[in-house]
There are 2 protein chains.
Amino acid sequence: MKTRDRILQASLALFNEEGERNVTTNHIAAHLGISPGNLYYHFRNKADIIYTIFLQYRALVNQYLVVPRDRPLTIKDKMFYLESVFDGLWHYRFFHRDLEYLLTTDERLRRDYRDFTFQCLAEIRAVLQGLQEGGILRSHSDGEQEAMALNAWLVVTNWMAFLKTAHAAEGDGDISREQLRQGIYQVLTLEMPYVTERYHDEVMDLRERYRPELPEGAVMATAF
Amino acid sequence: MKTRDRILQASLALFNEEGERNVTTNHIAAHLGISPGNLYYHFRNKADIIYTIFLQYRALVNQYLVVPRDRPLTIKDKMFYLESVFDGLWHYRFFHRDLEYLLTTDERLRRDYRDFTFQCLAEIRAVLQGLQEGGILRSHSDGEQEAMALNAWLVVTNWMAFLKTAHAAEGDGDISREQLRQGIYQVLTLEMPYVTERYHDEVMDLRERYRPELPEGAVMATAF
DNA sequence: TGACTATTAGAGTATATACTCTAATAATGG
DNA sequence: CCATTATTAGAGTATATACTCTAATAGTCA
């Protein structure tokens with residue numbers, strides 16, 4: 001593999017494991033057994049690496065999150081989108097967690113991430129629309145749809161961060177791919193009340209497969 | 001005011017404005033016109049300052065988010081909680097945004113924030129329960145309630161972060177208190193489908209008052 | 001007043017971090 | 001084979017950051 005790609009790969013792996021803030025360019029170089037000079041030959045700076053990873057992430061999402069506007073959607077479609085989204089989220093999980101600082105420092109990323117967000121929101125709305133046309137969701141107004149899409153976005157992009165805090169106790173909280181997938185349960189929860197009678201049971205059953213297991217502490221806290 | 005309190009106040013203000021990562025202890029000291037030595041006389045380190053601010057934040061939330069278990073709740077109750085929560089969120093807005101790194105470095109904060117999260121979730125559930133008993137929300141199972149509370153938590157705690165990205169274009173995106181309050185619209189969106197017929201219109205009207213104005217870019221993105 | 005403690009200033013330090021520069025080594029193409 | 005370009009090593013640097021240490025000053029209370 002080309003050095004440039006190895007840098008991207010190693011950076012992503014380290015960011016995911018340690019968090020972007022805890023990973024320096026020197027770490028990345030050391031991890032690969034190359035010199036800092038070499039790293040800086042391939043990338044202007046750390047923000048450049050991060051931006052490039054963002055482009056990969058965006059490309060991945062754009063690959064599957066293209067919702068056909070000319071036909072109704074099925075439950076199978078919906079589940080494919082959900083699985084894909086959470087899969088992408090898993091591979092680039094550092095991204096939404098460390099976003100705050102990244103956006104304050106890189107103008108380019110700020111602009112592009114903003115657009116990316118709105119593109120995703122538009123696709124989420126298209127999914128809702130398609131499901132509605134497929135008779136799976138009850139119809140709702142434009143305003144309703146927009147608000148629902150936004151809530152879905154918030155739940156999806158921040159599920160990882162929540163898991164990290166909720167499981168903070170157990171050995172610094174390493175989250176598994178499986179746990180992340182359980183965010184699907186939360187997203188389906190958002191939409192359950194809009195599912196038509198006809199499909200209600202089917203969606204409920206599907207959703208049940210993803211039910212999260214919250215850590216024990218969750219109970220304890222009730223006594224406060 | 002005591003120096004210790006001035007340090008806390010200045011730190012909070014700077015964190016909110018610049019983001020925790022961009023504010024050093026030296027900055028804080030300089031901002032107050034005191035020496036670093038003085039600052040470190042009052043606090044062991046930066047994490048100590050942050051932890052103390054967290055305690056203030058938690059105390060504030062605990063002050064109002066105490067839901068009576070012995071009587072049904074009214075819509076007025078609900079709105080009070082929402083307003084209070086978003087108000088607290090505003091004053092300590094740096095907190096949820098910069099959380100990621102804070103939790104990786106401070107064991108104590110990690111534990112306490114985790115508990116705090118579950119306490120809040122329990123109170124949110126109590127609100128849902130109280131509204132149900134007040135005939136405002138339709139009844140739902142325990143599992144339903146838990147999932148709904150969690151979604152509400154996700155929306156509430158990450159609304160600020162979303163605003164920051166969505167408004168990234170306009171002058172680095174300074175968010176107003178008013179815009180933050182519009183998160184109430186999103187939270188009410190979550191619960192709308194569960195509102196009983198009797199209260200439907202009233203809640204809809206209330207909710208309308210908080211409707212967010214998304215930036216123009218939101219539209220543009222549809223063509224992608 | 002005088003002893004003691006609390007507070008503060010301010011210079012200073014160890015470490016880390018992002019990044020640069022030069023020179024050497026490979027690869028490539030004519 | 002030579003000339004040119006691409007890649008890499010590795011030492012090095014400017015700056016920042018969190019934090020320390022000593023000595024001075026202010027407050028307190030017997």
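Just so it is clear, the model here is predicted, and its values are computed rather than measured. Every chain is numbered from 1 and lettered A, B, ... according to where its sequence line falls, protein lines coming before strand lines.
The aromatic rings of Tyr57(A) and Phe54(A) sit perpendicular, their planes meeting at an angle over 60°, well past the 30° parallel limit. Using cut-offs of 30° and 60° on the angle between ring planes, the pair Trp153(B) and His96(B) is perpendicular.
In this structure, Tyr101(A) places its OH atom 12 Å from C1' of dT17(D), rounding to the nearest Å. Atoms CD1 (Ile7(A)) and P (dT7(D)) sit 11 Å apart, rounded to a whole Å. Distance, His27(A) NE2 to dT15(C) P: 15 Å, rounded to whole Å. Taking atom CG on Asp48(A) and atom C1' on dC19(C), their separation rounds to 13 Å, with Å as the unit.
We find that Glu20(B) and Arg21(A) are joined by a salt bridge, their nearest charged nitrogen and carboxylate oxygen being less than 4.0 Å apart.
With distances taken from any side-chain atom of Tyr41(A) to the nucleotides dA18(C), dT7(D), dA6(C), the minimum falls on dT7(D). Among the nucleotides dC19(C), dA18(D), dA18(C), the one closest to any side-chain atom of Lys46(B) is dA18(D).
Taking the side chain to side chain donor-acceptor pair (under 3.5 Å) definition, one finds that Glu18(A) meets it with nothing, sequence neighbours left out.
At dT8(C), one or more side-chain N or O atoms of His42(B) fall inside 4.0 Å of OP1 or OP2 (strictly under the cut-off). An OP1 or OP2 oxygen of dC19(C) is reached within less than 4.0 angstrom by no side-chain nitrogen or oxygen of Thr25(A).
Positionally, the nearest nucleotide of DNA chain D for Asn26(A) lies more toward the 5' end than for the other of Arg21(A) and Asn26(A).
Taking every heavy atom of residues 31-40 of chain A and every atom of DNA chain C, pairs under 4.0 Å involve Pro36(A), Gly37(A), Tyr40(A), by number.
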Between side-chain atoms of residues 8-15 of chain B and protein atoms elsewhere (two or more places apart, or another chain), which donor-acceptor pairs fall under 3.5 Å?
| from | atom 1 | to | atom 2 | distance (Å) |
| --- | --- | --- | --- | --- |
| Ser11(B) | OG | Ile7(B) | O | 2.6 |

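Neither side chain, Tyr64(A) nor Asp87(A), offers a donor N or O lying under 3.5 Å from an acceptor on the other.
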